[in-house]
Amino acid sequence: MFEMQYNEEMEAEVRRLEAKKRAGEAGHPEWDNACASCGCQLAGTDDKFCEHCRRTAQP
């Protein structure tokens, strides 16, 4: 039980750090997240791409 909770917390922290890194690479270190494709600001840290980029990337 403890191990599962720990793993979930670590996965969330990795997502947060990756999102913060994308924002910095997009030129906005004050943001929490940015789209990996177009660099627009994203709410939350769960997504790597904005809705527009996600739709255009799918065939």
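Because only heavy atoms are used, hydrogens play no part in the values below, and waters and symmetry mates are left out as well, while side chains stay in. Since the model is a prediction, treat every value here as computed from it, not as a measurement.
Applying the ring pair (Phe, Tyr, Trp, His ring centres under 6.0 Å) test to every pair with at least one member in residues 17-36, sequence neighbours left out, gives these pairs: H28-W31.
At least one side-chain heavy atom of C50 sits less than 4.5 Å from a side-chain heavy atom of C38.
Contact between D32 and T45 at its shortest, heavy atoms only, is O-CG2, 4.2 Å.
Looking at residues two or more places apart in sequence or on another chain, you find a side chain to side chain contact (heavy atoms under 4.5 Å, CB included) between A26 and A34. Residues meeting the side-chain hydrogen bond (donor to acceptor under 3.5 Å, both in side chains) test with E11, sequence neighbours left out: none. Remark: E13 pairs with R16, L17 by the side chain to side chain contact (heavy atoms under 4.5 Å, CB included) rule, at least two apart or across chains. For E51, the side chain to side chain contact (heavy atoms under 4.5 Å, CB included) partners at least two apart in sequence or on another chain are R54, R55. Considering only residues two or more places apart in sequence or on other chains, E3 meets the side-chain hydrogen bond (donor to acceptor under 3.5 Å, both in side chains) condition with none of them. Every residue was checked against the side-chain hydrogen bond (donor to acceptor under 3.5 Å, both in side chains) condition with E8, not counting sequence neighbours, and none meets it.
Within the 3.5 Å criterion, the main-chain N or O of G44 finds a donor-acceptor partner in the side chain of N33.
Here the SG atom belonging to C35 is positioned 12.0 Å from the CD atom belonging to Q41, to the nearest 0.5 angstrom.
Using a 4.5 Å cut-off between side-chain heavy atoms of Ile, Leu, Val, Met, Phe, Trp and Tyr, Y6 falls into a hydrophobic cluster with M10.
For K20, the NZ atom sits in a packed shell: over 12 heavy atoms of surrounding residues, nucleotides or ligands are nearer than 6.0 Å.
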